[in-house]
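Following: one structure in structure tokens, then a few remarks.
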Amino acid sequence: MNAATIVREVPASHPAFAGHFPGQPLLPGVSLLAEVMEAAQAQPGLAGRLDGHSQLQAAKFLAPVRPGSTLHIGLQWDTAGLRFEVHCAGTLAAKGQWSWSAGE
């Protein structure tokens with residue numbers, strides 16, 4: 001099993017916040033998944049794995065991510081797929097997993 005933790009900042013000016021709940025901005029789940037994918041693609045051994053041959057098996061969004069947040073993205077992967085957890089301000093904000101296609 002391989003593992004990595006990546007820290008990413010979500011700037012208050014991130015375009016996903018515009019209109020995503022005026023007065024109570026939060027990062028949409030799809031944008032949070034994009035942050036996880038970008039973090040994973042930067043890891044040796046994972047680059048290119050999250051493409052058309054991978055499948056998101058599960059994703060749970062457990063706490064809001066607000067403008068200016070710091071994300072701690074924990075990744076664990078092996079030959080079967082990738083598990084992730086995203087912590088924000090000490091709280092588990094999201095978790096899930098991708099699987100690779102057979103033969104990958």
Any side-chain heavy atom of [X] within less than 4.5 Å of one from [Y]?
{"X": "F61", "Y": "L33", "answer": "yes"}
{"X": "I73", "Y": "T5", "answer": "no"}
{"X": "L71", "Y": "H87", "answer": "no"}

Residues that L62 engages under side-chain contact (heavy atoms from CB on, under 4.5 Å), provided they are two or more places apart: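 Here the qualifying residues are K60, L92, K95.
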
List the residues meeting side-chain contact (heavy atoms from CB on, under 4.5 Å) with T91, not counting sequence neighbours, and say none if there are none. A63

Pairs meeting criterion salt bridge (charged side-chain N to carboxylate O under 4.0 Å, His left out) with involvement of residues 62-80, two or more places apart: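 Every pair satisfying salt bridge (charged side-chain N to carboxylate O under 4.0 Å, His left out) with a residue in residues 62-80: there are none.
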
By the salt bridge (charged side-chain N to carboxylate O under 4.0 Å, His left out) test, which pairs, at least two apart or in different chains, include something from residues 17-31? none

Given the rule in the side-chain contact (heavy atoms from CB on, under 4.5 Å) test, do L27 and F17 qualify, once you have shown the distances and angles that lead to the verdict? CA-CA 6 Å; L27 192 66; F17 291 120; 3.9 Å; yes

Tabulate below the donor-acceptor pairs under 3.5 Å that side-chain atoms of residues 6-14 make, not counting sequence neighbours, or state none.
{"unit_1": "R8", "atom_1": "NE", "unit_2": "E35", "atom_2": "OE1", "d": "2.6"}
{"unit_1": "R8", "atom_1": "NH2", "unit_2": "E35", "atom_2": "OE1", "d": "3.2"}
{"unit_1": "R8", "atom_1": "NH2", "unit_2": "E38", "atom_2": "OE1", "d": "2.7"}
{"unit_1": "E9", "atom_1": "OE1", "unit_2": "T70", "atom_2": "OG1", "d": "2.8"}
{"unit_1": "E9", "atom_1": "OE2", "unit_2": "T70", "atom_2": "OG1", "d": "3.2"}
{"unit_1": "H14", "atom_1": "ND1", "unit_2": "A16", "atom_2": "N", "d": "3.0"}

List, by chain and then residue number, the residues other than F21 in its hydrophobic cluster (Ile/Leu/Val/Met/Phe/Trp/Tyr, side-chain heavy atoms under 4.5 Å); write none if there are no others. L26

In this structure, is the centre-to-centre distance between the rings of W77 and F84 below 6.0 Å?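 Ring centroids of F84 and W77 are no less than 6.0 Å from each other.
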
Could you walk me through whether Q55 and W98 pass side-chain contact (heavy atoms from CB on, under 4.5 Å), step by step? CA-CA 5 Å; Q55 183 175 11; W98 269 277; 5.6 Å; no

Between the CE atom in M37 and the CG atom in L82, the distance rounded to the nearest 0.5 Å is 10.0 Å

Flag for Q76-R83: side-chain donor and acceptor within less than 3.5 Å: no

Might you point out which heavy atoms bring L32 and A94 nearest each other, and give the distance in Å?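 Smallest interatomic distance, heavy atoms only, reads CD2-CB, 3.6 Å.
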
